[in-house]
Amino acid sequence: MQKLAPDFRSALDAAFDRAISHLEHLDESSVAATVDVATLRARINKPLAQAGVPPPQVIEDLVRDVDGGLLGSAGGRFYGWVIGGALPAAVAADWLTSAWQQNAALYACSPAAAVVEETIGGWLKEILGLPQQASFAVVTGCQMAHVTCLAAARHALLSKHGWDVESNGLYGAPPIRILSSSERHASFERAVRLLGLGTAHIKLLPVDDECRLVPDALEEELSKQDGPTLVLLQAGDINIGAYDSFEKLIPIAKRYGAWVHVDGAFGLWAAASPHLRYLVKGIEAADSWATDWSQVA
Ligand SMILES: Cc1ncc(COP(=O)(O)O)c(C=O)c1O
């Protein structure tokens, strides 16, 4: 047995006990934090240790110091935002990925990780009803999914207009017009800023009384000019979870040669449910889809 093994066992045993205890008490413990930031800082922000600390003690100290500063987001009583709720098998697999310590960037660095990734990409497209020929990437969240999808859109739209953005950058490129409803999430605008597309090029179009983009308004706007255009549609808007009418809107956008990107952070998962799938009817005709924990373009 390797010399380091006992340290791993004691640290992982301590983490296992603490994790199980956290999960088992979720139904009774506070969903909100119960201590304030000053208390957390006083506990956590200690002077750097001058000597090594035994691994199980690191875990015990961490668990004690964060007590009261964790939200109950892993439990069934948490309704803040759209976070939390990992499945038991996913949590356990996540522990293994830490223990395996693979660099999943390349096949050569971790052949198994590469094949796991390509497999879940295929499964994801199957469960979400997206075209199997779409490329995909697993990224950090819907924010980076937007960035990745919009980078693909930027490339495709500009190359259609004879502009090689990878070589020439955006200096002198034709501006990309962005059409969206007012119900978009701020992460979309962040992606627009990061990619140099410029928020001044976003035009907000009206929504109906259910927060869905109005097809006539989209058509009218598209018909005004024929430069490169990106259309953002919502699968679950941020206020009431409304779904744009993909069946009507995507064919209109395509008629004008626009790239259609779908923000499906949480709403794209309706496609996985036979009862809710009607909400995303026609969504497979878009060009890119961002959802939480992954993006497909
Ligand atoms: C509609 C929508 N889009 C994008 C995001 C950004 O997702 P993430 O926090 O995973 O980057 C969210 C987050 O709640 C969202 O609700």
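Because the structure is a prediction, the values reported are computed rather than measured. This chain uses plain numbering: 1 for the first residue, then up along the sequence.
For the side-chain contact (heavy atoms from CB on, under 4.5 Å) with L268, the lone residue among L279, D263, T291 that qualifies is T291. Looking at R177, K203, E221 one by one, the single match for side chain to side chain donor-acceptor pair (under 3.5 Å) with T229 turns out to be R177. Among I283, V280, L233, D237, the one residue that satisfies the side-chain contact (heavy atoms from CB on, under 4.5 Å) test with Y243 is V280.
Looking at I178 and F188, their side chains come closer than 4.5 Å, going by heavy atoms from C-beta outward. In this structure, I202 and E189 have side chains that are in contact, with non-hydrogen atoms separated by less than 4.5 Å.
Separation of atoms CD (E118) and OH (Y107) is listed at 9.0 Å; rounding is to 0.5 Å. For the atom pair L222 CG and E220 CD, the distance stands at 10.5 Å (nearest 0.5 Å). Note that the OG atom of S245 and the CZ atom of R212 stand 7.5 Å from one another [nearest 0.5 Å].
Side-chain contact, T39 with D36: a donor N or O sits under 3.5 Å from an acceptor N or O. No hydrogens or angles considered: nothing links the side chains of S187 and Q143 as a donor-acceptor pair under 3.5 Å. Between Q234 and R184, the side chains place no donor N or O within less than 3.5 Å of an acceptor N or O (distance only, hydrogens not considered).
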Query raised in the report: Does the side-chain hydrogen bond (donor to acceptor under 3.5 Å, both in side chains) test come out yes or no for Y256 and E219, once each step is laid out?
Result: CA-CA 9 Å; Y256 290 88; E219 175 122 39; 2.9 Å; yes
* To do: Give the intermediate values and the outcome of salt bridge (Lys or Arg N to Asp or Glu O under 4.0 Å) for residues R64 and D67.
  => CA-CA 5 Å; R64 187 194 57 234; D67 190 39; over 6 Å; no
Practice problem: Take W289 and L130 through the side-chain contact (heavy atoms from CB on, under 4.5 Å) test and state the conclusion after the steps. | Solution: CA-CA 9 Å; W289 308 262; L130 302 179; 3.5 Å; yes
Steps toward ring-ring contact (aromatic ring centres under 6.0 Å, His included) verdict (H146, H185):
CA-CA 11 Å; H146 284 325; H185 191 261; 7.6 Å; no
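Under a 4.5 Å side-chain heavy-atom cut-off, the cluster of Ile, Leu, Val, Met, Phe, Trp and Tyr residues that includes L23 is completed by L26.
No continuous path of ILVMFWY side-chain contacts below 4.5 Å connects V91 to F78, so the two sit in separate hydrophobic clusters.
Listed by first and then second residue, the side chain to side chain donor-acceptor pair (under 3.5 Å) pairs involving residues 152-162 are H155-E166 (not counting sequence neighbours).
Heavy atoms only, all atoms of each residue included: C149 and W259 are closest at O-CZ2, 4.3 Å. Taking all atoms of both residues into account, the shortest heavy-atom contact from L157 to P228 is CB-CB, 3.9 Å.
For S21 (side chain) and D17 (main-chain N/O), no donor-acceptor pair under 3.5 Å exists by modelled atom type. A donor-acceptor contact shorter than 3.5 Å is absent between the side chain of S273 and the backbone of A270.
Enclosure of atom NZ in K248 is not indicated, since only 12 or fewer non-hydrogen atoms of other residues, nucleotides or ligands lie within 6.0 angstrom.
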